[in-house]
Number of protein chains: 2
Amino acid sequence: MSADSPSTDVPLPDFLSSSTSILLGKANDLFDEILEAAVEPFGLRSKDFIVLTAIDSIGPQSQQQLARTHGIDRTTMVSVVDGLERLGLVQRARNPDDRRKYAIGLTSEGQALLRHKLGPAMLNALDTFLAPFTHDEREIFNKFLWRLVHERGQAPDQGTGQGRVVPGGTVR
Amino acid sequence: MSADSPSTDVPLPDFLSSSTSILLGKANDLFDEILEAAVEPFGLRSKDFIVLTAIDSIGPQSQQQLARTHGIDRTTMVSVVDGLERLGLVQRARNPDDRRKYAIGLTSEGQALLRHKLGPAMLNALDTFLAPFTHDEREIFNKFLWRLVHERGQAPDQGTGQGRVVPGGTVR
DNA sequence: TATTGTTATACTCTATAACTATA
DNA sequence: TATAGTTATAGAGTATAACAATA
């Protein structure tokens with residue numbers, strides 16, 4: 001094994017176990033697990049919940065709009081909507097203004113499930129995930145995440161001004 | 001089921017756009033992009049970097065140990081090590097104490113690449129990712145992530161929340 | 001009998017290309 | 001010509017099962 005390594009002053013990258021990069025991945029994996037476990041009893045995936053919530057909030061939309069908003073491919077959205085329709089949670093109606101498009105809307109069952117079952121289940125999942133935090137800390141953490149995602153491209157404060165402009169992603 | 005209530009008092013789950021769950025996923029996706037872009041010039045994936053760093057820190061290990069430590073399947077680890085060996089960054093030596101096991105170690109080229117090129121590239125990637133934060137905020141964010149991952153199973157700890165189990169782990 | 005590394009296989013997830021119907 | 005939805009297909013990525021060598 002090696003080691004002619006000049007053992008220079010170059011610091012060894014300490015990304016293991018306590019590094020932000022590793023921790024972020026673990027936190028994300030952990031939340032994914034909690035999230036999927038929360039919706040699995042309803043025969044859904046977390047992606048289904050997001051789509052249902054988007055329709056409930058914004059109203060009936062085309063499949064492409066749903067796809068673009070959430071960074072999902074339109075061909076993938078077909079099967080997502082297929083599944084939700086098979087479960088009777090959404091329905092495909094034609095958009096009278098443009099008959100190429102659907103207007104994907106919630107059924108009454110879909111809306112009821114979302115508001116009475118799925119919503120609480122997801123809130124509970126988030127609460128489980130954020131259990132180590134106090135209420136105030138949860139708000140701070142949320143603000144941190146928001147800045148991490150949205151404060152891109154401008155000059156922050158320190159560090160290399162190497163901020164990169166992240167493509168895509170505009171969410172209101 | 002019944003369709004009656006579009007206007008019940010049940011609050012609509014506000015998971016969209018500014019929710020912690022969505023933001024966490026986006027932050028993770030963003031960091032993944034930055035990370036993969038940082039190691040791609042070296043013909044590597046982020047997973048390769050993690051494995052190299054683990055060997056450099058802990059020393060030669062079996063493939064199973066590497067796999068278990070990082071939550072990767074052992075059959076997947078075969079191809080990861082294959083790739084790293086093909087690039088001349090690691091070498092497979094037999095463990096004399098247990099000839100079933102390999103002792104995967106860094107070559108001098110692997111160690112040099114890791115310390116002089118990959119390490120700085122990854123630090124730079126992390127710096128880009130954390131650009132919106134000041135130095136102090138980066139430490140706070142890191143502590144938040146650490147608690148999220150490690151402070152599991154105990155009570156929510158509604159107290160200060162700060163300091164307790166958190167080791168003085170290096171925050172980088 | 002159990003474990004390490006390996007291969008072959010299967011499964012999941014997603015993206016690409018091509019088709020239709022509409023615009 | 002361009003777009004919305006669909007289908008078939010292909011490509012990652014990863015997990016499962018079985019095998020040989022070793023414990």
Please state how far atom CD in B/Gln61 lies from atom P in C/dT4, giving the value in whole angstrom units.
13 Å
Expressed as a whole number of angstroms, how long is the span from A/Asp97:CG to C/dA21:P?
22 Å
Between B/Tyr102 and A/Asn95, who's closer to the 5' end of DNA chain C by nearest nucleotide?
B/Tyr102
Just by modelled atom types, is the B/Gln64 backbone N or O under 3.5 Å from a matching donor or acceptor in the B/Arg74 side chain?
no
When you measure from the side-chain N and O atoms of A/Lys47 to the phosphate of C/dT14, is any distance below 4.0 Å, counting only OP1 and OP2?
yes
Length of the CD1-C1' vector between B/Ile104 and C/dG5, whole Å
10 Å
Once you round it to whole Å, what is the distance between C1' of C/dT4 and CG of B/Asp82?
14 Å
Determine the contact category for B/Arg94: base if any of its heavy atoms lies under 4.0 Å from a base atom, sugar-phosphate if only primed atoms, P, OP1 or OP2 are that close, otherwise nothing.
nothing
Base, sugar-phosphate or nothing for A/Gln64? Non-hydrogen atoms, less than 4.0 Å.
base
Which is true for A/Thr75 with a 4.0 Å heavy-atom rule: it touches a base, it touches only sugar-phosphate, or it touches nothing?
base
Per A/Arg100 side chain, nearest of listed nucleotides C/dT4, C/dT6, C/dA21
C/dA21
For A/Asp73 and for B/Val81, locate the closest nucleotide of DNA chain C by heavy-atom distance; then report the residue assigned to the nucleotide nearer the 5' terminus.
B/Val81
From CE of B/Met77 over to P of C/dT7, roughly how many Å is that when rounded to an integer?
16 Å
From the options D/dT22, C/dT14, D/dT16, select the nucleotide whose nearest atom is closest to the side chain of A/Thr76.
C/dT14
Is the phosphate of C/dT3, meaning OP1 or OP2, less than 4.0 Å from a side-chain N or O of B/Arg68?
no
Please give, in whole Å, the distance from D/dT22 P to B/Arg99 CZ?
6 Å
A/Lys101 has its side chain closest, among D/dA4, D/dA15, C/dG5, to D/dA4
Any donor-acceptor N/O pair, A/Arg45 side chain to A/Glu40 backbone, under 3.5 Å
no
Under 4.0 Å between a side-chain N/O of A/Gln63 and OP1 or OP2 of D/dT6, yes or no?
yes
Compute whether any side-chain donor of one residue and acceptor of the other, for B/Asp73 and B/Thr75, lie under 3.5 angstrom apart.
yes
Do B/Phe49 and B/Phe42 sit in one hydrophobic cluster, given that two such residues count as connected whenever their side-chain heavy atoms are within less than 4.5 Å of each other, even indirectly?
yes
From CZ of A/Arg74 over to P of D/dG5, roughly how many Å is that when rounded to an integer?
9 Å
Quick one about B/Glu109 and B/Thr107 (side-chain donor to acceptor, distance below 3.5 Å, no hydrogens or angles considered), yes or no?
yes
Please work out if A/Asp98 contacts a base, only the sugar-phosphate, or nothing of the nucleic acid, heavy-atom cut-off 4.0 Å.
sugar-phosphate
Separation of A/Glu36 atom CD from C/dC13 atom C1', in whole Å?
12 Å
Please verify the inter-ring angle class for A/Phe141 with B/Phe141; under 30° counts as parallel, over 60° as perpendicular, anything in between as tilted.
parallel
C/dC13 phosphate, OP1 or OP2, under 4.0 Å from A/Arg45 side-chain N/O:
yes
